[in-house]
Amino acid sequence: MPSAPRVRFAPSPTGYLHIGGARTALMNFLQARRHGGTFILRMEDTDRVRSTTESVQAILDGLNWLGIDWDEGPGKEGPHAPYFQTQRLDTYKKHADQLIAEGKAYRCYCTRADLDAQREATEKSGGFFKYPGTCRELKAPPPGRREDEAVIRFKMPSGDGTASFVDKALGAISKPYSDLDDWVMLRADGIPLYNFGCVIDDHLMDITLVARGQEHVNSTFPQLMLYQALGWTPPEFAHLPLILGPDREKLSKRKHPEADVMLHKRTGIMPEALNNFVIRLGWSHGNDEVITRDQMFEWFDFADVGTTSGVWNPEKLLWLNQQWMKLLPETTVAERLVPFLEAKGFSVQGDSRLVPLVRALRERARTLEEMATTASLYFRKGVTLDEKAAAKHLSGDSLGLLRKVRDGIAALPEWTVEALDGVVKSVSESSAVGMGKVAQPVRVAITGNTTSPGIGETLLLAGRDEALSRIDAALTRGG
RNA sequence: GUCCCCGUCGUCUAGAGGCCCAGGACGCUGGCCUUUCAAGCCGGUAACACGGGUUCGAAUCCCGUCGGGGACACCA
């Protein structure tokens with residue numbers, strides 16, 4: 001490979017950023033960074049009915065959230081602008097005209113209705129439809145038809161050759177010409193189809209390596225034919241394994257909600273974790289699991305990409321997310337937690353308990369959303385006691401112990417985890433009972449339940465006033 | 001249906017002929033730690049799809065079978 005690769009991600013803006021697309025983008029981005037190359041973002045917005053500007057924005061937002069930065073593309077006009085295919089129409093026309101002039105493409109006047117009928121008939125009889133070349137040798141429009149109504153088709157080379165290429169991920173792949181047909185390059189309105197726009201742009205943008213999902217391996221063959229017809233050297237290709245849903249079918253927007261990158265943001269997954277998870281689907285570096293961005297830059301190479309499709313594993317994503325919550329600075333996690341708490345109606349901006357909260361809860365939550373849910377307990381006024389827990393821990397001798405703890409902590413000049421724990425410990429010792437016997441009633445009084453961080457932390461998190469008031473309420477209730 | 005690609009624990013994977021009666025991770029599970037719950041630590045569970053070759057030797061190479069996925073548009 002040339003020393004400075006130029007790679008690209010070319011999504012079609014017909015919806016949100018898909019998880020598979022995000023991984024393709026990530027890998028291309030990493031490849032560029034690792035080898036000092038350039039990463040280009042190009043919008044293949046040639047599907048007139050489905051492409052929307054909202055989708056363009058959604059894709060940009062998704063990439064930004066994941067920290068995947070492009071060097072050339074929307075908002076970063078470079079030497080190969082524009083980066084929207086619908087703004088490059090005259091370029092496509094020029095090349096199409098050239099191909100027609102050279103006899104390598106031709107105008108086709110067949111109507112869609114005719115073609116559809118033929119296709120249906122062929123398929124009904126069990127075959128697979130190939131364009132029969134009806135208009136291949138036409139010199140002029142049929143009677144009553146005009147040139148500007150025609151689509152332009154690529155003329156496949158005749159004979160029994162074989163198209164082949166060496167894929168960086170899959171190895172040698174080939175397909176006989178006889179399996180290919182004369183495909184449409186340009187619609188009558190001048191808007192290109194995928195195989196045409198893609199090749200023209202990849203070449204003009206000096207792309208050296210095309211890395212895309214495996215669903216594109218078959219379209220590589222007609223594209224190769226086009227490079228040949230144009231006299232251009234094709235780039236290298238790397239076809240990445242697919243990401244499958246739990247049903248083992250290709251992750252799709254329609255059937256799999258987890259295909260939406262931003263859904264994960266909303267459920268409290270962090271970008272570090274999502275990138276980490278997704279890069280490990282189809283690629284690995286020895287036994288490494290938690291991988292930082294810098295390590296990705298250092299290690300990633302398309303040569304190490306696998307060949308087998310991977311199934312989406314939500315459990316592992318969750319595990320990775322927790323690993324990342326423990327790895328990232330507490331303050332960073334705290335900042336990210338704020339919106340989730342605000343969504344629950346708590347204004348916590350600047351609250352001094354945020355960082356201690358993260359410290360206590362990140363070992364007990366796998367997502368920011370989960371952490372926020374648990375954290376709500378400490379921002380609310382009062383608490384609802386779980387009946388079973390209260391019956392067990394807020395009765396009899398326990399209440400006496402709880403009272404002693406209350407008196408001890410109320411007398412504390414300053415609330416710190418150490419001081420608070422110290423009170424519980426001394427009550428346990430002076431009363432000659434185990435720590436659990438003392439801590440559990442306090443825990444139930446504060447959280448309403450039997451599980452929480454360490455008892456000192458729990459008290460601190462609740463805050464002096466709220467903690468005392470909850471204990472009083474428990475004492476009152478218990479008689 | 002045709003073509004293309006793929007096939008190691010339930011899942012993600014290591015493995016590029018002997019280091020593998022197959023290693024790691026998630027999950028599940030036993031234990032330790034412990035004021036609860038986690039986290040952490042230690043241990044367990046579980047796989048080379050099948051059949052033929054090639055070779056002194058195959059998870060690794062070849063062929064076949066079976067299985068899975070993908071592509072077959074004036075979508076990308």
- Message: Under a 3.5 Å cut-off for both contacts, is B/C33 paired Watson-Crick or G-U wobble with anything, and if yes, with which nucleotide?
- Response: none
- Picking from B/A76, B/G24, B/C4, which would you name as closest to the side chain of A/Ser12? B/A76
- Could you measure between the two C1' atoms, the one in B/U60 and the one in B/U45, and give it in whole Å? 26 Å
- Message: I want to check a possible cation-pi pair here: A/Arg153 against A/Tyr131, using under 6.0 Å from ring centre and within 45° of the ring axis as the test.
- Response: yes
- Query: Does the ring center of A/Phe196 lie less than 6.0 Å from the ring center of A/Phe154?
  - Reply: no
- Message: When you measure only distances, ignoring hydrogens and angles, does the side chain of A/Arg443 come within 3.5 Å of the base of B/U35 through a donor and an acceptor?
- Response: yes
- Assigned partner base of B/A71, Watson-Crick or wobble definition, under 3.5 Å: B/U2
- Looking only at side-chain atoms of A/Tyr194, point me to the closest of B/C74, B/A76, B/G40. B/A76
- Message: Let's see if you can work this out: which of B/A76, B/U35, B/G7 has an atom nearest to the side-chain heavy atoms of A/Gln440?
- Response: B/U35
- Under 4.0 Å between any heavy atoms, over every strand shown, what does A/Val151 touch: base, sugar-phosphate, or nothing? Just pick one. base
- P-based separation of B/G57 from B/G52 [nearest Å]: 15 Å
- Of all the nucleotides listed (B/G70, B/U8, B/A76), which has the minimum atom distance to the side chain of A/Glu249? B/G70
- Task: May I ask you to verify if any side-chain N or O of A/Arg362 is less than 4.0 angstrom from the OP1 or OP2 atom of B/A39?
- Result: no
- Quick one: is B/G1 close enough that its OP1 or OP2 comes under 4.0 Å of any side-chain N or O from A/Lys124? no
- Between A/Asn321 and the options A/Thr267, A/Asn276, A/Ile269, the side chain to side chain contact (heavy atoms under 4.5 Å, CB included) test singles out A/Ile269
- Item | d(NZ, A/Lys250; C1', B/A71) in whole Å | 9 Å
- Query: Expressed in angstrom and rounded to an integer, what is the separation of A/Arg364 atom CZ from B/C37 atom C1'?
  - Reply: 6 Å
- Considering only heavy atoms and no angle criterion, is a donor-acceptor pair shorter than 3.5 Å present between the side chain of A/Gln214 and the base of B/G69? no
- Any A/Lys437 side-chain N or O less than 4.0 Å from OP1/OP2 of B/U36: no
- Item | Selected nucleotide, minimal atom distance to A/Ile455 side chain, candidates B/G69, B/U35, B/C74 | B/U35
- Message: Measuring only the C1' atom in each nucleotide, how far is B/G68 from B/C50? A whole number of Å is fine.
- Response: 15 Å
- Candidate nucleotides B/G1, B/G40, B/C5, ranked by approach to the side chain of A/Gln323 - the nearest: B/G40
- Message: Can you see if the side chain of A/Arg50 gets near the phosphate of B/A73 - specifically, an N or O under 4.0 Å from OP1 or OP2?
- Response: no
- Query: Does OP1 or OP2 of B/U11 have a side-chain N or O of A/Arg248 closer than 4.0 Å?
  - Reply: yes
- Message: Heavy-atom nearest nucleotide on RNA chain B for A/Arg153 versus A/Ser309: which residue maps closer to 5'?
- Response: A/Ser309
- Taking A/Trp70 for the side chain and A/Pro74 for the main chain, is one N or O donor matched with an acceptor at less than 3.5 Å? yes
- Query: Any idea which of B/G10, B/G69, B/U13 is nearest the A/Ser284 side chain?
  - Reply: B/U13
- Message: Expressed as a whole number of angstroms, how long is the span from A/Leu318:CG to B/C28:P?
- Response: 11 Å
- Message: Let's see if you can work this out: which of B/A73, B/G27, B/C5 has an atom nearest to the side-chain heavy atoms of A/Ile173?
- Response: B/C5
- Item | Residues forming a side chain to side chain contact (heavy atoms under 4.5 Å, CB included) with A/Lys425, sequence neighbours excluded | A/Glu429, A/Met435
- Which part of the nucleic acid, if any, lies within contact of A/Thr450, taking any heavy atom under 4.0 Å across all strands shown: a base, the sugar-phosphate backbone alone, or nothing? base
- Message: If I pick the C1' atom on B/C42 and the same atom on B/A22, what distance separates them, to the nearest angstrom?
- Response: 22 Å
- Item | Under the ring-ring contact (aromatic ring centres under 6.0 Å, His included) test, residues paired with A/Phe277 that sit two or more places apart | A/Trp312
- Query: Hey, does A/Thr14 reach any base, or is it just sugar-phosphate, or nothing, if we go heavy atoms under 4.0 Å?
  - Reply: nothing
- Is there a Watson-Crick or G-U wobble partner for B/C66 with both distances under 3.5 Å, and if so, which one is it? B/G7
- Between A/Ala22 and A/Ile68, which heavy-atom pair has the shortest distance, and what is it? O-CD1, 3.9 Å
- Item | Shortest side-chain distance from A/Thr451, nucleotide among B/U36, B/C26, B/U13 | B/U36
- Item | Candidate nucleotides B/U36, B/C12, B/C6, ranked by approach to the side chain of A/Leu281 - the nearest | B/C12
- Query: For A/Glu149 and A/Gln322, take the nucleotide of RNA chain B holding the closest heavy atom to each; which residue's nucleotide lies nearer the 5' end?
  - Reply: A/Gln322
